[in-house]
Student: 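Sharing a structure here in structure tokens format.
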Amino acid sequence: MRPKQWVKNGFVLAPLVFTGEFLNPQWIGWAMTAVLLFCVASSAVYIVNDMQDVERDRAHPKKSKTRPLASGAVTIPMAMMLLVALYAILVWGWFIAPDVVMVIAGYLVLNLAYTFVLKHMPVVDIFTIAIGFVLRVYAGAVALSVPLSSWMAVTTLCLALYLAAVKRRQELAKSGSQGREVLQKYSVTLVDRYAHMSATGALFFYSLYVMSAKPDMVLTIPLVLFGLFRYWYVVEELDGGESPTDALLADWQLLLTVFFWVAACAWTLWPVKG
């Protein structure tokens with residue numbers, strides 16, 4: 001189920017933060033319901049992916065020890081039972097938040113296509129990963145019945161493309177073209193260009209959004225810029241980035257940057273009662 005990866009579902013909370021309703025208990029409840037349902041859905045995706053890749057993972061020096069199916073710690077029938085239980089929770093979620101589960105259904109279909117087809121297609125594989133993050137943000141907006149800002153959508157897409165490109169770069173640098181079939185169609189130079197373009201786009205669109213719609217948040221722009229610089233340092237000098245979640249959780253400066261960014265957003269967007 002990879003609970004450590006649930007940190008990615010924090011993207012679901014972005015609309016709650018930017019609407020300024022993060023002190024409203026009812027809105028918090030709606031947003032957290034969406035987060036929990038996305039955690040269940042993402043875990044289901046990981047199980048399907050691991051079942052599909054079990055033979056390849058058994059031949060991988062690291063995954064053969066860390067992936068439960070590949071290592072033999074969990075059997076296929078056990079994984080199937082857990083998968084059915086997770087799907088049952090999502091069916092139950094339909095009666096609680098049907099609109100959110102509709103978005104999640106799209107996420108599940110997209111990831112099934114990724115697991116069996118799209119992850120073997122260069123460029124398409126990176127965009128598929130990134131769209132998954134946009135769907136998280138969209139689910140957060142749907143949970144609150146607010147429109148998804150086009151600025152937020154395109155910024156999230158660029159940031160996710162950056163993380164996905166860096167992930168491919170590190171996989172290629174560490175394992176060569178043997179790690180994934182699609183890596184045979186990439187080069188480090190090419191994915192570096194993808195990463196640079198995506199990071200520039202994320203900073204550009206975020207800055208435009210802040211300066212045009214949320215001018216009080218301009219002080220968060222340096223934090224975003226520092227976060228991008230620091231993440232690239234972790235990739236280049238500390239050999240991280242193959243797992244964005246691990247890179248974030250293992251680097252105290254990145255964690256502190258995220259904390260200060262959230263704090264700055266909360267401070268500038270804090271609801272003022274008239």
Side-chain angles (χ1 to χ4, degrees), residues 1-16 25-60 62-120 125 128-145 160 164 167 180 243-246 248-249:
M1 291 178 66
R2 304 188 204 176
K4 186 162 56 173
Q5 301 295 331
W6 290 348
V7 68
K8 297 175 183 176
N9 298 320
F11 277 81
V12 176
L13 297 175
L16 177 66
Q26 188 174 34
W27 285 49
I28 293 173
W30 292 337
M32 290 307 300
T33 298
V35 170
L36 293 174
L37 289 173
F38 239 105
C39 288
V40 172
S42 60
S43 289
V45 166
Y46 289 133
I47 292 172
V48 173
N49 181 74
D50 283 3
M51 287 194 296
Q52 172 66 12
D53 290 347
V54 63
E55 294 302 327
R56 181 186 294 271
D57 288 346
R58 283 171 179 163
H60 192 279
K62 182 178 179 181
K63 294 179 181 178
S64 61
K65 299 176 182 178
T66 58
R67 296 284 171 87
L69 286 174
S71 67
V74 175
T75 64
I76 294 292
M78 291 168 63
M80 284 294 297
M81 291 175 61
L82 179 57
L83 182 61
V84 170
L86 294 178
Y87 284 151
I89 294 174
L90 293 177
V91 171
W92 170 80
W94 169 267
F95 297 98
I96 305 298
D99 292 339
V100 172
V101 174
M102 282 294 291
V103 178
I104 289 175
Y107 170 81
L108 292 174
V109 170
L110 178 68
N111 278 277
L112 283 173
Y114 174 82
T115 297
F116 293 99
V117 179
L118 301 182
K119 70 179 180 181
H120 304 301
D125 67 317
T128 303
I129 295 171
I131 291 171
F133 284 87
V134 177
L135 287 175
R136 286 173 167 89
V137 177
Y138 181 51
V142 167
L144 303 177
S145 299
K167 176 179 175 65
R180 294 176 184 266
S243 168
T245 302
D246 290 343
L248 170 65
L249 297 179

Student: Restricting to pairs with a member in residues 66-75, which pass salt bridge (Lys or Arg N to Asp or Glu O under 4.0 Å), not counting sequence neighbours?
Tutor: Asp50-Arg67, Asp57-Arg67

Student: Aromatic ring centroids of Phe38 and Tyr107 under 6.0 Å?
Tutor: yes

Student: Could you report the tightest heavy-atom contact between Phe116 and His120, atom names first, then the distance?
Tutor: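 Looking at all heavy atoms of both residues, the shortest contact is O-CD2, 4.0 Å.
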
Student: For residues 75-94, please give each side-chain donor-acceptor pair under 3.5 Å, one per line with the distance, not counting sequence neighbours.
Tutor:
residue : atom : partner : partner atom : Å
Thr75   : OG1  : Met78   : N            : 3.3

Student: What is the distance from atom CD1 of Ile131 to atom CZ of Phe133, rounded to the nearest 0.5 Å?
Tutor: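 Rounded to the nearest 0.5 Å, the CD1-CZ separation comes to 12.5 Å.
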
Student: Could you list the residues that satisfy ring pair (Phe, Tyr, Trp, His ring centres under 6.0 Å) with Tyr114, not counting sequence neighbours?
Tutor: none

Student: How long is the span from the OG1 atom in Thr115 to the CG atom in Asp53, to the nearest 0.5 Å?
Tutor: 7.5 Å

Student: For a quick test of reading the model, state the closest non-hydrogen atom pair linking Ile104 to Leu37 and the distance between them.
Tutor: CD1-CB, 3.5 Å

Student: What verdict does the side chain to side chain donor-acceptor pair (under 3.5 Å) test give for Ser43 and Trp6, after you've listed the backbone C-alpha separation in whole Å, the side-chain angles of each residue and the deciding distance to 0.1 Å?
Tutor: CA-CA 8 Å; Ser43 289; Trp6 290 348; 2.9 Å; yes

Student: Please report the interatomic distance CG(Leu144) to CD1(Ile28), rounded to the nearest 0.5 Å.
Tutor: 10.5 Å

Student: Specify the closest pair of heavy atoms between Val103 and Ala139, including all atoms of both residues, with the distance to one decimal.
Tutor: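 Looking at all heavy atoms of both residues, the closest pair is CG1-CB, 3.9 Å.
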
Student: Roughly how far, to the nearest 0.5 Å, is the NZ atom of Lys119 from the CG atom of Asn111?
Tutor: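 If I round to the nearest 0.5 Å, the distance is 10.5 Å.
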
Student: Of all heavy-atom pairs between Gly106 and Leu135, which one has the smallest distance, and what is that distance?
Tutor: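 Answer, listing the atom of Gly106 first, then Leu135: C-CD1, 4.3 Å.
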
Student: Are Lys4 and Asp246 close enough that some pair of their side-chain heavy atoms sits under 4.5 Å apart?
Tutor: yes

Student: What residues form a ring pair (Phe, Tyr, Trp, His ring centres under 6.0 Å) with Tyr138, not counting sequence neighbours?
Tutor: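 Scan of Tyr138 (ring pair (Phe, Tyr, Trp, His ring centres under 6.0 Å), adjacent residues dropped) gives none.
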
Student: With a 4.5 Å limit on heavy-atom distance, are the side chains of Pro15 and Val137 in contact?
Tutor: yes

Student: Restricting to non-hydrogen atoms, name the atom on Ala31 and the atom on Val12 that form the minimum distance, rounded to 0.1 Å.
Tutor: O-CG1, 4.2 Å

Student: Can you name the ring pair (Phe, Tyr, Trp, His ring centres under 6.0 Å) partners of Tyr46, sequence neighbours left out?
Tutor: none

Student: Which atoms form the tightest heavy-atom contact between Thr245 and Lys8, and what is the distance?
Tutor: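 Smallest heavy-atom distance, with atoms named: OG1-CE, 3.5 Å.
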
Student: Is there a side-chain contact between Gln5 and Val45 in this structure, where contact means two heavy atoms from C-beta onward sitting under 4.5 Å apart?
Tutor: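 A side-chain contact is absent here, since even the closest heavy-atom pair is not under 4.5 Å.
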
Student: Run the salt bridge (Lys or Arg N to Asp or Glu O under 4.0 Å) test against Asp99 and tell me which residues pass, sequence neighbours left out.
Tutor: none

